[in-house]
Protein chains: 2
Amino acid sequence: MNQSARQALRRGEGTAAILEAAEALFSEQGFDAVSLRQVAEQAGVSKANIIHHFGSKEGLYIAVLRGAVERCDALLESLEEGEPLERLRSYTRENLRQMFDQPEAYRLLLREVLEHGQERGRELATRVVGESFARLVALVREGQDAGALRREIDPGLMAIVLVACKVFLFQAGGVLRHLPGAEVTQDPDRYMEAVMTLLLEGAR
Amino acid sequence: MNQSARQALRRGEGTAAILEAAEALFSEQGFDAVSLRQVAEQAGVSKANIIHHFGSKEGLYIAVLRGAVERCDALLESLEEGEPLERLRSYTRENLRQMFDQPEAYRLLLREVLEHGQERGRELATRVVGESFARLVALVREGQDAGALRREIDPGLMAIVLVACKVFLFQAGGVLRHLPGAEVTQDPDRYMEAVMTLLLEGAR
DNA sequence: GTCTATATCCCGATAGAC
DNA sequence: GTCTATCGGGATATAGAC
């Protein structure tokens, strides 16, 4: 049982302790690899208690997923003022920081995309990632309207490349940092800054 | 039991049928979620037979992983002649096609990076992905030497962004195709072409 | 809301015949 | 090289007391 689970238990919030333990375990190992016994142990409750609160293992997973989505959405609310290009920069930078601040929640969402992206692609697109993606595309469009970005570029593609670079560092950073020539990846801020510069200025 | 597993069995190649079934299952569901019973069923052999050939479930997984790495490496050998920029373009395009041609093998490798990228990062970097990454960086350097790419850009970063965009489409394509504004992602060739153009010309 | 005890099932691995 | 039968353990889920 970890510290904050212990605190939650002391306050009588059994479900909170369970949710926290489950999020950590599911995000690290995936749904199938985690047993209720593990969750119960880490949360400091019994297996039966989990079933009592969430009905089944899948019910617990859905509750955990819902929580992670809400938390990630809430984090993305705040958007600084300023020039479009600078807002795009800060939004992307902040977003990457949030991923590293809340790795469990983001890993869980990414796992969901990887695992069920084919069958539940439409559902995930509309309910989970659609809003924040639309916001990013709108930011790029604002940059075009303000004359800071070329009209010819596809705002959707620009947004995708930005997200791809963020996600890739988050997922593969542990491997990238050991590749000769990939030293930029060792500092997320510097990495994202370099990506933005490359995208804006171009390689040619 | 699928068709090619049936064919392999008919030829007396039990191990081949097992490896093929195991690669499909491991790449779809991950190591822990797959049972020997599933593998045995899909390969048309008994559980005991698998243990007899590979010693344990982990032994089977390692054999599958080794096969996937070898196959992916072999596919990347051939490199067309021509101008550096065109070679970079065709290399990236071909690589993406290969991912979609052999999704099981690539999904398996990506899973390995995501799951064990933290602990085994150095090992994966040197033994699995190091060589092909170095080749990509070298291609970018050649472009710089030929004067087709600016000296200021970091070849490693350029390579990472290219890989990130490839991997992201491969992983999240099922979700991306349903996002308004992300229509480019519906054709891998067109997508990769658009990414290259954006990277070369820049957005500003 | 939390527990213990238990039912039922499936897991990986072994033993040994053919 | 392949099989059947089985062991020991851990999985999810249920029943019912406190």
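Each chain gets a letter, A, B and so on, in the order the sequences are listed, and its residues count up from 1.
Distances shorter than 4.0 Å separate none of the side-chain N or O atoms of A:Arg37 from OP1 or OP2 on D:dG10. Distances shorter than 4.0 Å separate some side-chain N or O of A:Asn49 from OP1 or OP2 on C:dC3. Between A:Ser35 and the phosphate of D:dA11, there is a side-chain N or O to OP1/OP2 separation shorter than 4.0 Å.
Each of C:dT4, D:dT12, C:dA13 was ranked by its minimum atom distance to the side chain of B:Ser56; first place goes to C:dA13. When distances run from any side-chain atom of B:His53 to the nucleotides C:dG1, C:dC3, D:dT2, the shortest one goes to D:dT2. If you check D:dT4, C:dC3, D:dA13 against the side chain of A:Ala48, the one that comes closest is C:dC3. Nearest to the side chain of A:Lys47, among C:dA15, D:dA13, C:dA13, sits D:dA13.
Atoms CG (A:Leu36) and C1' (C:dC11) sit 16 Å apart, rounded to a whole Å. As a whole-Å value, the separation of B:His52 NE2 from C:dA17 C1' is 14 Å. When rounded to the nearest whole Å, the span between CD1 of A:Ile50 and P of D:dA11 equals 12 Å. Rounded to an integer number of Å, the gap from B:Phe31 CZ to C:dC11 C1' is 12 Å. Taking atom CD1 of residue A:Ile51 and atom P of nucleotide C:dA7, one finds them 18 Å apart after rounding to whole Å.
When the shell of 6.0 Å around CD of B:Glu58 is examined, it contains 12 or fewer heavy atoms from other residues, nucleotides or ligands. Other residues, nucleotides and ligands place more than 12 heavy atoms under 6.0 Å from the CZ atom of A:Arg97.
Using modelled atom types, no side-chain atom of A:Gln171 and backbone atom of B:Gly117 make a donor-acceptor pair closer than 3.5 Å.
Here B:Val39 lies out of heavy-atom contact (under 4.0 Å) with every strand.
If you look at B:Phe26 and B:Tyr61, their ring centroids are closer than 6.0 Å.
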